[in-house]
Amino acid sequence: MEKVSRRQAILIGSSYMFIVTIINLPAQVAQVDKQGAWYDIPTAAAAAALSLCLIWAVMRRFPDQDYLAVLVNHLKLAGRMLVLLYMFFFFLISSRDLRLLVDIVSVSLLPQTPTLLIGSLVVFSGAMAVRAGIEVASRMAELFYPVLAYAVVFMLVCLTKDFHWDFLQPVFENGWQGWLRGSWVLFGYLGEVIVLPLIFTDRTFDLKRGLVALGIGTLMLELSFVGTTLVLGSEITARLMYPVYEQVRQIIITDFLDRFDLFIISLWMPMMFLKIAFDLYVVCHAGETLFHRVAPGRHLTFPVGLLTVASSMWLFRRSVDVIRLNWNWTVFTLVFALVIPACSLVLLLFRRAPAR
Amino acid sequence: MAASLFLSGCWDRREINDVAFVVATAIDKAGPRYRVMVQIPLPGQMGTLGQSGGGGTSGTKTFYVDSAVGDTIREANSELQLAMSRRMSFAHMRVLLIGEDLARVGISPVIDVNARIPQNRLTAFMLVVKGQGGSVLNADAPMERYPAEMIRELAGTQTMKNPRRIRDVLHALISDGLDPVLPAISVVKTEPEGEHDAVSTIRVAGYAVFRGDRLAGYLEGGAAEGLLWAMNQAKNPVITVKPPKGEGKITIQFPQTDASLRVRMRQGQPVYSLRIRATGAVIENESNYDLAAGENMEVIERTAKRVIEQEVYQALAALQHRFHADPIGYGDALHRQQYAVWRKLRTHWDEVYTKVHTVVDAEVQVENTGNVREPMGIPRKELTE
């Protein structure tokens, strides 16, 4: 029986789409749509909401089963293939997230420490956190995520005197093309909110809670992206690797109270650890759904973690490789967040499980 | 616990007494190369008079200055490091100084290294030095423990409302329709009674206006004040006006100022209106003009309004016709407020900019006359009303 509460599930979903998106994406959105992030984010969120609706339309027909279980139990071989693809998709997400974390730690905090060691330590912690299930990690998310959310608001309050409201003008500078391109690159990350129906049954996840998680994540992203634009401007934002981190470094309260970046990083880093832990859990959960008679999930965490470390170094040889991937990553997300759920809905439209 | 074993390697560990914290950097041209001069405070010498501190350094001066030459800034820093027993850390660099020669050649190369290395901060103040950039780092600056501290305080309190930081210069350099402007400082001698008591100190000496990334010239005096008014960066500006009657002058200080720049199109041409609001108080009346009588305050307000507008027009004339530089952001305002027009004009904006017309409207309110009403020290019969 799941021991994750509905509130914890909302926080997991919200953090899943926020924690990693704020690393590089503000720069890429500024590159294609200048100061238009404030309308690109809701557009991408609307597409992510559609994916939640599609998946929920399938899940509500099959109580007590998460989406992966529905695919395996009711689409037989095709369902197994799809779950295998989802497993691979989230494995790629975990490799990408690990690489992003390793890069930002290596560039900003520990330039001399070998990246392989940083990655290994992160994955080791994440694997330990989810080895016995998701409950521990979800409780940690319940602890750290609200604190991080308050810190984001606090950060913006401190930066109010540095806001240049004219940096939000002109609106629609790059027209509908900029709007589409900005939303395109954002959807690649926002679409990851589909993690909730993949790991939770209808006892923990339903459409309303999924949309609440999406709404909170969208609000956090709006605050971060727009705050960065107001402080740094779209031109500087577009050239930075880590614009939100640079935004935090602009906080100056008095002459000598100007080192809040480490404080904010100390709140963000545990959430990043948890994100990677959740990524590992999703992969292991998919593996357990496929091979439950052979491999209980807890036996998969460390092997999957090791593979994640290896693939993060092998697939992304340098930090700019992740940025290059972001332009095309949305294709994958579209398939797994919209196309597959839509197809599964059509195939399962007239099937229904017995009442609970 | 097993993972914590790896902490014994700790590749990024640095003991604090193996670090030299650079508080100011000055960059000059040395022929085709760069000269980088750094100032490092010596904590060991910063105890009270007669005592030394406990920071592990020796000598009597409270700071250490050294310079090196290189083809690039990083190369010059590497050369500097070879002569230092401690690893330089730029994380606490508060001031970046640009020598005049380098400013004339272009400051873009300086910006990249300051943005790319995470240790550097975009919040450091940036200033231009009249003459050699390194000259100010060796000034006596007796008011503070080391010159960099004095420069930082001058930049933060005596220049603009929002002092220019590397971030602001970067924004101006890579944005359309905006040029950087930086405070200019120079080394001067103090003027005590005995000449042998004079020491060198640092003074704000106007503002360096850039066209693109190259220094176009300096604005000083009334034109400099006018530039700050127009940029909405005037910090506690002071105006001295001559009253319509009587002898002497009246000084007014404006703690609250605001300026807004709007652009609208008239017959296909952009016309700018610069609205300035200033609220202040009389801080000195060495004239015999009685401000409390009749409508004298209103008269002074109108006089102050004319002075402010004159200073702004003076600045605009210099910027448009002498320097061809746009630190106020006329192009940026057009970009943000009339984007369709900007798209047509951006390719030949330099030409258009020199011809745009500005209407300056200052609204001045002098709220009070301080602790006294009539001029003190002047008999009533000599006051003019």
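So that the names make sense, note that chain A is the first sequence line, chain B the second, and so on, each numbered from 1.
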J.: Is the count of non-hydrogen atoms from other residues, nucleotides or ligands lying under 6.0 Å from W179(A) atom CH2 greater than 12?
T.: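 It does not: W179(A) CH2 has 12 such atoms or fewer within range.
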
J.: Is it the case that atom NZ in K161(B) sees more than 12 heavy atoms from other parts of the structure closer than 6.0 Å?
T.: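 Enclosed.
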
J.: Between R94(B) and chain A, with a heavy-atom cut-off of 4.5 Å, which part of the residue counts as in contact: side chain, backbone, both or neither?
T.: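 Only the side chain of R94(B) comes within 4.5 Å of chain A.
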
J.: If only atom types and distance count, is the side chain of R249(A) paired as donor or acceptor with the main-chain N or O of P118(B) below 3.5 Å?
T.: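 Judged by distance alone, yes, a pair lies under 3.5 Å.
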
J.: Examine whether an atom of A91(B) lies under 4.5 Å from a heavy atom of chain A, and if so say whether it belongs to the side chain, the backbone or both; otherwise answer neither.
T.: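 Both the backbone and the side chain of A91(B) come within 4.5 Å of chain A.
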
J.: Can you sort out the partners of D168(B) under salt bridge (charged side-chain N to carboxylate O under 4.0 Å, His left out), two or more places apart, ordered by chain and number?
T.: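 Listed in chain order: nothing, the list is empty.
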
J.: Quick one: of Q35(A), M128(A), R259(A), who has the most non-hydrogen atom pairs under 4.5 Å with chain B?
T.: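 If we count pairs closer than 4.5 Å to chain B, R259(A) comes out on top.
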
J.: Do other residues, nucleotides or ligands put more than 12 heavy atoms under 6.0 Å from I16(B) CD1?
T.: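 Not more than 12 within 6.0 Å, no.
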
J.: Is the number of heavy atoms from other residues, nucleotides or ligands within 6.0 Å of CZ (R152(B)) greater than 12?
T.: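 Counting neighbours around CZ of R152(B), more than 12 heavy atoms of other residues, nucleotides or ligands fall under 6.0 Å, so yes.
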
J.: Taking heavy atoms only and a threshold strictly under 4.5 Å, list by residue number the residues of residues 168-177 of chain A that touch chain B; give 'none' if the list is empty.
T.: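 Counting heavy atoms that sit under 4.5 Å from chain B, the residues of residues 168-177 of chain A involved are Q169(A), P170(A), E173(A).
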
J.: What part of E153(B) gets closer than 4.5 Å to chain A, counting heavy atoms only: side chain, backbone, both or neither?
T.: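 Just the side chain, heavy atoms under 4.5 Å.
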
J.: How long is the gap from CG on L122(B) to CD on Q247(A), to the nearest 0.5 Å?
T.: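 Spacing of CG (L122(B)) from CD (Q247(A)) equals 12.5 Å.
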
J.: Let me know if R165(B) has heavy atoms under 4.5 Å from chain A in its side chain, its backbone, both or neither.
T.: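 The answer is the side chain of R165(B).
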
J.: Is any side-chain heavy atom of R121(B) less than 4.5 Å from a side-chain heavy atom of D261(A)?
T.: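 In short, these two side chains touch, coming nearer than 4.5 Å.
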
J.: Would R167(B) and D162(A) pass as an ion pair if we require N to O under 4.0 Å?
T.: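 Yes.
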
J.: Could you tell me which portion of F167(A) (side chain, backbone, both or neither) has an atom closer than 4.5 angstrom to a non-hydrogen atom of chain B?
T.: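 Both backbone and side chain of F167(A) come within 4.5 Å of chain B.
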
J.: Which residues in residues 232-244 of chain A have any heavy atom closer than 4.5 Å to a heavy atom of chain B?
T.: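 From residues 232-244 of chain A, the residues near chain B are L232(A), E235(A), I236(A), R239(A).
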
J.: Who pairs with F225(A) by ring pair (Phe, Tyr, Trp, His ring centres under 6.0 Å), at least two apart in sequence or on another chain?
T.: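 Applying ring pair (Phe, Tyr, Trp, His ring centres under 6.0 Å) to F225(A) gives none.
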
J.: Can you measure from CZ (R336(B)) to NE2 (H164(A)) and round to the nearest 0.5 angstrom?
T.: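 Reported to 0.5 Å precision, the distance equals 9.5 Å.
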
